[in-house]
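It should be emphasised that the depicted structure is a prediction, and the values quoted were computed from it without experimental measurement. Protein chains get the first letters and strands the later ones, always in sequence-line order, with residue 1 at the start of each. Values reported hereafter were calculated over all heavy atoms of this structure, with side chains retained and with hydrogens, waters and symmetry mates removed.
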Number of protein chains: 2
Amino acid sequence: MAPPQGANPCDQCALRRLDAFLAPSGDELRTIQSFRVGARRVEAGSSIIDEHRPSPQLFTLYSGWAFRYKTLSDGRRQILSFLLPGDFLGLQDEFADGQTHGVEAVTDVTLCAFPRERLWGLFHAQPKLGYDITWLAAREEKLVDDNLVTTGRRNAGERVAMLLMHLYRRALRVGMERDGWAEFPFNQQHIADALGLSLVHTNKTLRRLQRLGLYRIDGGWLRIMEPRALEALGDYFERPMRPTPLI
Amino acid sequence: MAPPQGANPCDQCALRRLDAFLAPSGDELRTIQSFRVGARRVEAGSSIIDEHRPSPQLFTLYSGWAFRYKTLSDGRRQILSFLLPGDFLGLQDEFADGQTHGVEAVTDVTLCAFPRERLWGLFHAQPKLGYDITWLAAREEKLVDDNLVTTGRRNAGERVAMLLMHLYRRALRVGMERDGWAEFPFNQQHIADALGLSLVHTNKTLRRLQRLGLYRIDGGWLRIMEPRALEALGDYFERPMRPTPLI
DNA sequence: CGACTCATTGATCACCATCAAAGAACGTGG
DNA sequence: CCACGTTCTTTGATGGTGATCAATGAGTCG
């Protein structure tokens with residue numbers, strides 16, 4: 001699960017073997033590798049980026065699941081988006097004057113770390129990588145846009161349906177799948193915090209959809225039994241995604 | 001209100017005189033100007049970017065107010081964020097395979113237009129401008145993050161308080177202000193759609209906060225009477241923003 | 001003046017939050 | 001190996017926030 005070690009770690013990056021990611025040119029790969037300053041490991045439940053302290057590093061999530069969140073001062077928490085392998089984190093800090101979000105690991109997680117102060121240098125040295133980072137930022141915003149529609153306009157059943165389909169699709173995309181079951185390491189508190197629902201109501205809604213036979217969750221794995229029904233219920237039809245850059 | 005015409009329109013850009021924006025180098029300004037293909041005018045209530053058809057152009061909003069939105073298939077609408085002069089629009093389309101958002105003008109609006117197919121060329125020619133566009137994208141995502149916290153975790157009074165402070169601050173920043181009153185061209189349907197509330201409940205909540213003397217709205221202008229109270233109610237304390245790039 | 005849009009208010013109801021408690025799963029230590 | 005603590009899930013009961021329905025008022029335009 002840990003990123004490769006040694007002289008040219010990015011050459012052997014397991015993520016790059018996935019269809020989900022674009023192959024960079026040799027030059028680009030070398031630049032990425034020289035931008036990289038090492039790996040980091042964070043265990044399940046721990047903080048990757050503190051909500052109120054800007055991180056001196058940027059990361060690409062290499063393995064595991066994480067999420068971005070914000071909390072109000074009385075403790076109410078909103079999960080903004082979930083992070084899977086290949087996602088780039090910490091970019092917002094660069095421009096937000098400290099008013100940003102936290103990132104927490106759901107499972108044990110490994111990350112590739114990059115020094116924030118060299119971000120501009122990366123754009124300068126390889127404009128294509130700058131373009132790719134913008135791409136990743138735009139994709140990330142699209143996720144939040146979708147989540148905002150969910151919390152703003154969908155009811156509980158629709159929210160759950162949308163989230164299950166969304167996470168299932170993303171897990172498949174990066175190979176977190178076996179025999180039609182996708183990794184699903186979340187507890188109901190995570191789901192509630194992502195959907196803007198209470199824990200109790202999240203539970204009741206999940207059970208209702210499960211009794212209808214739309215999906216099953218077992219031992220941290222999710223299987224979608226009725227994708228059409230869940231898509232229709234959530235009014236959420238995602239097309240297969242183009243391959244994206246991987247920094 | 002329209003952008004300057006002539007040979008070197010960006011030299012006389014009124015927006016660039018505001019403290020809110022960073023001054024580009026001469027080279028950068030020339031590159032921006034050559035990237036620009038003209039101006040466009042859209043009247044209040046009309047569509048700037050269609051929700052389901054990717055736009056062949058990118059825009060910088062030059063004057064007026066607009067908003068980004070998504071609708072569900074049964075017509076429920078969620079406003080994702082509001083746009084003010086200086087905001088850059090259409091970037092997401094570049095990477096989203098058509099699954100994107102619409103943009104609609106609240107007031108009459110003018111825009112500077114840029115050809116999408118030359119975006120990569122811009123990054124290539126002037127990496128600094130690529131960096132700036134990433135900056136703008138990250139700032140935009142921060143707005144959506146905040147709105148997601150609002151719809152997910154704030155109650156009606158908190159939502160309204162947060163939105164009023166947010167829009168007031170942003171309007172002041174770009175000079176849409178006179179004697180402590182900020183432009184406020186929104187109707188209650190806009191506010192409801194942005195906050196994930198019904199029109200009726202939005203009205204009742206607005207009236208309640210107004211009766212408490214926290215703010216006043218009159219003829220399309222907003223005055224905040226009790227900024228501290230609104231900030232505390234919304235649990236939303238925004239620090240003054242650094243100057244941002246202007247493309 | 002009539003048509004239209006938008007703001008306002010009251011009445012009713014449902015979805016979801018909150019409160020409370022018990023069950024299931026798991027790890028730890030006695 | 002079992003008792004116990006911890007975490008997570010599940011269910012029932014109750015209440016409130018906000019949705020929905022309905023209607024009137026206010027302002028504007030042709």
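Between A:Arg207 and D:dT9, a side-chain N or O to OP1/OP2 separation shorter than 4.0 Å is absent. Contact check, B:Gln189 against C:dT5: no side-chain N or O comes under 4.0 Å of OP1 or OP2.
The side chain of B:Arg211 approaches C:dT9 more closely than any other nucleotide in the set C:dT9, D:dG18, C:dC16.
Taking a cutoff of 4.0 Å between a charged side-chain nitrogen and a carboxylate oxygen, A:Glu141 and B:Arg139 do not qualify as a salt bridge. Salt-bridge formation is detected for the pair B:Asp145/A:Arg68: a Lys NZ or Arg NE/NH1/NH2 atom is positioned less than 4.0 Å from an Asp or Glu carboxylate oxygen. A salt bridge links A:Glu104 to A:Arg77: at least one charged side-chain nitrogen sits closer than 4.0 Å to a carboxylate oxygen. Salt bridge B:Asp87/B:Arg170: present, at least one basic N to carboxylate O contact under 4.0 Å. Of the charged side-chain nitrogens involved, none lies within less than 4.0 Å of a carboxylate oxygen, so that B:Glu238 and B:Arg173 do not count as a salt-bridged pair.
Proximity of residues 190-205 of chain B to DNA chain D (heavy atom under 4.0 angstrom from any strand atom) is restricted to B:Gly196, B:Leu197, B:Ser198, B:Val200, B:His201.
With the end axes of the helix from C:dC1-D:dG30 to C:dG30-D:dC1 each set by five pairs, the angle from one to the other reads 30° at 10° resolution.
Between B:Phe88 and B:Phe114, the ring-plane angle classifies as tilted under the 30° and 60° cut-offs.
The distance between the ring centers of A:Phe67 and A:Phe186 does not fall below 6.0 angstrom.
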Query raised in the report: Does the ring-ring contact (aromatic ring centres under 6.0 Å, His included) test come out yes or no for B:Tyr69 and B:His101, once each step is laid out?
Result: CA-CA 6 Å; B:Tyr69 68 95; B:His101 52 78; 8.3 Å; no
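C:dC15 atom P lies 18 Å from atom CZ of A:Arg154, rounded to whole Å. For the pair A:Asn187 CG and D:dT9 P, the computed distance is 5 Å after rounding to whole Å. A:Leu206 places its CG atom 13 Å from the C1' atom of D:dC8, with the value rounded to the nearest Å. If you take CG of B:Asn155 and P of C:dT18, they are 10 Å apart, rounded to a whole angstrom. To the nearest angstrom, P of C:dA7 lies 12 Å from CD of B:Gln210. Distance, A:Phe184 CZ to D:dT9 C1': 14 Å, rounded to whole Å. To the nearest angstrom, P of D:dA19 lies 14 Å from CD of A:Glu158. We find that CZ of B:Arg208 is positioned 16 Å from C1' of C:dT8, with the value rounded to whole Å.
A:His190 and A:Asp193 form no side-chain donor-acceptor contact under 3.5 Å, judged by distance and modelled atom types alone.
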